[in-house]
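Data block below; observations after.
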Amino acid sequence: MSTKHYKFGLNTFGDLPRHENGEVFSHPEAIRQVIKESKIMDENGLDFLSLGEHHRSDYAISSPEMVLSAISGVTKNIKLASGVTVLSSDDPVRVFERFSTLDAVSNGRARVILGRGSFTESFPLFGYNLEDYNKLFEEKIELFHKLLDEKPVSWSGETRAELKNADVFPKTESGRLDVAVGVGGSPESIIRAVNYDFPVILAIIGGDPARFKPYVALYHHAAEQLDKKTHPIGFHSPGFVAETDEEAREIAFKPYKEAMDRIGKTRGWPPLSYEQFKQEIDHGSLYIGSPETVAQKIAKNMKKLDAESFEMVYGHGALPVKDREKMVELYVKKVVPRVKELLKNE
C-alpha cells in the first residue's frame with residue numbers, strides 16, 4: 001500500500017474555446033468558462049486548479065489571482081494556484097499582498113507557483129529589460145522569500161526600491177503562504193528552489209518525460225548537500241481526454257496545431273505535423289486519448305519521476321467548448337480515480 005499522498009490537478013492559461021457555431025469566445029466569455037469548469041472540478045474532488053499568467057491575445061488570463069478569487073466564491077475545497085506567477089516582471093510585495101488576500105477570501109486555499117516565464121511579453125509591458133532576465137528573478141525571489149516570514153523586512157537590490165523595516169499586509173491565518181517554484185529544465189532553478197525550501201513543479205511540455213529524471217536526482221542531491229528538507233515532486237504536461245483514443249486525437253489536433261504554430265512563428269519552430277503530434281502522444285509529453293490511455297501514461301510517468309502530483313494543462317487552442325467541458329468531466333471522474341488505482345500499491 002502506498003504511503004505517498006498523490007494529488008491531481010488541472011491547469012489552464014485561459015485559451016479561447018469555440019461556441020457550437022464555430023465563433024471563438026471573447027476574453028470575458030473565456031474567463032467565465034474557466035470559472036464554470038472549476039465548479040465541475042470542485043464538485044468531483046479534484047485537488048487543485050492552477051491558472052497561468054499570460055499577456056497575449058490568444059489567452060484570457062493575465063491576472064490569475066483575480067480569476068481564482070472569483071472561483072473561490074463558487075467552490076469549497078479545491079486548492080487555488082497560479083501556474084505560474086511571473087515574479088520577474090512583478091513586484092514581490094504586491095504578489096504577497098494579492099495572494100495573502102486570496103488566501104483569506106478562500107479560507108486558506110491559495111498557492112503561489114513562482115516562475116521566470118516562458119513567454120516574455122510581460123517584460124516590455126511592465127517596463128523591464130530582458131537583459132536583466134536572470135537578475136530580476138534572483139533578486140525578487142530573495143525578497144519574496146523574506147516576505148513569507150510575515151515580519152518587517154529590510155532589503156536592498158538593483159531591481160526595485162529598498163525596504164527598511166517594512167511590514168506587509170494582510171497576514172495569513174496559517175502564518176505562511178503555500179509557495180512552489182515552476183521549473184522548465186534549468187539545473188540552477190532546481191538548486192535555487194532547494195535553497196529557499198520551495199517545492200518544485202516540473203513543466204514537461206515536450207519530449208520524453210524521462211529526460212527530467214536527472215533534475216529529480218539533482219533536487220534530492222542538492223537537498224542533502226545543503227541540509228534542506230525535500231518536498232514531493234510535481235509535474236505538469238498538456239493533454240486532452242475523450243471517450244476513445246481516435247476521438248481525442250481527432251478533436252485535439254487542429255486546435256493544438258493552431259496554438260503551437262502561432263507560438264512557433266515567434267520562436268522559429270516549423271509548423272507542427274500530425275506525425276509529430278502522434279509521436280508526442282505515443283512517446284512524449286502529450287496526454288491525449290481515452291481515460292484509460294491517459295491514466296496509464298500518467299501513472300507510468302509519475303512512477304518514472306517518483307512524483308506525487310500531476311496536473312494536466314487543458315484546453316489548448318480553440319477547442320469546441322462542449323468537448324472541453326466533457327474533457328474536464330472525464331479527467332476528474334475517470335482519469336484521476338484510475339491513476340490512483342494504478343498507483344495504490346506503489
Side-chain angles (χ1 to χ4, degrees), residues 1-12 37-50 75-81 83 108-109 111 113 178 180 182-183 198-205 207-220 223 229-245 247-248 280-314 326-346:
M1 186 67 68
S2 174
T3 58
K4 294 181 178 179
H5 301 286
Y6 295 109
K7 295 186 181 298
F8 299 90
L10 285 166
N11 173 291
T12 182
E37 290 160 351
S38 74
K39 292 193 284 185
I40 300 172
M41 302 172 201
D42 188 59
E43 289 165 0
N44 289 280
L46 194 68
D47 294 303
F48 59 94
L49 169 64
S50 302
T75 60
K76 295 179 180 179
N77 299 305
I78 194 168
K79 192 82 172 178
L80 306 171
R109 289 187 281 146
R111 188 181 210 202
I113 302 179
D178 183 0
V183 177
F198 290 148
V200 165
I201 310 295
L202 300 170
I204 307 178
I205 58 175
D208 185 351
R211 67 192 177 90
F212 277 78
K213 288 178 69 173
Y215 295 102
V216 176
L218 175 62
Y219 174 79
H220 290 288
K229 66 180 180 181
T230 59
H231 301 273
I233 293 289
F235 69 103
H236 87 189
S237 296
F240 178 76
V241 189
E243 293 288 356
T244 68
D245 291 348
E247 182 185 13
E280 275 295 324
I281 295 171
D282 294 340
H283 305 291
S285 299
L286 262 184
Y287 295 74
I288 292 179
S290 68
E292 180 65 20
T293 295
V294 172
Q296 289 282 351
K297 185 171 183 177
I298 293 171
K300 179 184 74 173
N301 287 322
M302 289 184 78
K303 292 175 188 177
K304 277 185 182 180
L305 298 172
D306 194 26
E308 291 189 37
S309 74
F310 172 83
E311 65 177 5
M312 180 180 288
V313 185
Y314 80 99
K326 180 68 173 177
M327 177 264 154
V328 172
E329 286 196 30
L330 289 172
Y331 181 79
V332 297
K333 292 181 178 181
K334 293 189 176 183
V335 174
V336 170
R338 178 61 174 143
V339 178
K340 290 179 179 179
E341 183 180 351
L342 291 166
L343 294 173
K344 66 182 178 182
N345 294 320
E346 289 301 308

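All of these numbers come straight from a predicted model, not from anything done at the bench.
- Taking each heavy atom of Lys79 and Gly108 in turn, the nearest pair found is NZ-O, 3.7 Å.
- At most 12 non-hydrogen atoms from other residues, nucleotides or ligands lie less than 6.0 angstrom from NZ of Lys213.
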Go through the steps for Ile204 and Leu305 under the test side-chain contact (heavy atoms from CB on, under 4.5 Å), then give the verdict.
CA-CA 11 Å; Ile204 307 178; Leu305 298 172; 3.6 Å; yes
Going through the checks in order, is the salt bridge (Lys or Arg N to Asp or Glu O under 4.0 Å) test met by Glu341 and Arg338?
CA-CA 5 Å; Glu341 183 180 351; Arg338 178 61 174 143; 3.4 Å; yes
Just list the side-chain donor-acceptor pairs under 3.5 Å for residues 40-47, sequence neighbours left out, or say none.
unit_1	atom_1	unit_2	atom_2	d
Asp42	OD1	Asn77	N	3.0
Asp42	OD1	Ile78	N	2.9
Asp42	OD2	Lys76	N	2.8
Asn44	ND2	Ile40	O	2.8
Asp47	OD2	Phe8	N	2.8

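- We find the CD1-CD1 distance between Ile201 and Ile113 to be 5.0 Å, quoted to the nearest 0.5 Å.
- Between Phe240 and Tyr314, the gap from one ring centroid to the other reaches at least 6.0 Å.
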Begin with the C-alpha distance, continue with both residues' side-chain angles, and end with the deciding distance and a verdict on side-chain contact (heavy atoms from CB on, under 4.5 Å) for Asn301 and Tyr287.
CA-CA 11 Å; Asn301 287 322; Tyr287 295 74; 2.9 Å; yes
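- Atom-to-atom distance recorded for Tyr331:OH and Leu10:CG is 5.0 Å, nearest 0.5 angstrom.
- Heavy-atom contacts from other residues, nucleotides or ligands closer than 6.0 Å to CD1 of Ile205 number 12 or fewer.
- Shown here for Pro291 and Leu330, the closest heavy-atom pair between the two residues is CG-CD2, 4.2 Å.
- Summarising the geometry of Glu37 relative to Val328, their closest heavy-atom pair is O-CG1, 4.2 Å, with the distance given to 0.1 Å.
- Using cut-offs of 30° and 60° for the angle between ring planes, the Phe235 and Phe310 rings count as perpendicular.
- Counting only residues at least two apart or on different chains, the side-chain hydrogen bond (donor to acceptor under 3.5 Å, both in side chains) pairs with a member in residues 230-239 are Asp197-His231, His236-Glu311.
- Note that the CG atom of Leu49 and the OG1 atom of Thr75 stand 8.5 Å from one another [nearest 0.5 Å].
- Side-chain N or O atoms of Asp245 include none that pairs as donor or acceptor with a backbone N or O of Gly289 at under 3.5 Å.
- Minimum heavy-atom separation, Pro238 to Met312: C-CG, 4.3 Å.
- The distance from atom OG of Ser309 to atom NE2 of His5, rounded to the nearest 0.5 Å, is 13.0 Å.
- Taking all atoms of both residues into account, the shortest heavy-atom contact from Glu280 to Ser285 is OE1-N, 2.8 Å.
- When atom types are taken as modelled, the side chain of Lys334 and the backbone of Glu243 share no donor-acceptor pair closer than 3.5 angstrom.
- If you take CZ on Phe212 and CG on Leu202, they are separated by 6.0 Å, rounding to the nearest 0.5 Å.
- Residues Leu342 and Ala295 come closest through the heavy atom pair CD1-O, 3.8 Å.
- Taking NZ of Lys300 as the start and CD of Gln296 as the end, the distance is 9.5 Å to the nearest 0.5 Å.
- Distance alone, capped at 3.5 Å, places no donor-acceptor pair between the Lys4 side chain and the Pro232 backbone.
- Side-chain contact between Asp208 and Lys304 is present, with heavy atoms from C-beta onward closer than 4.5 Å.
- The backbone N or O of Gly284 sits less than 3.5 Å from a side-chain atom of Lys297, completing a donor-acceptor pair.
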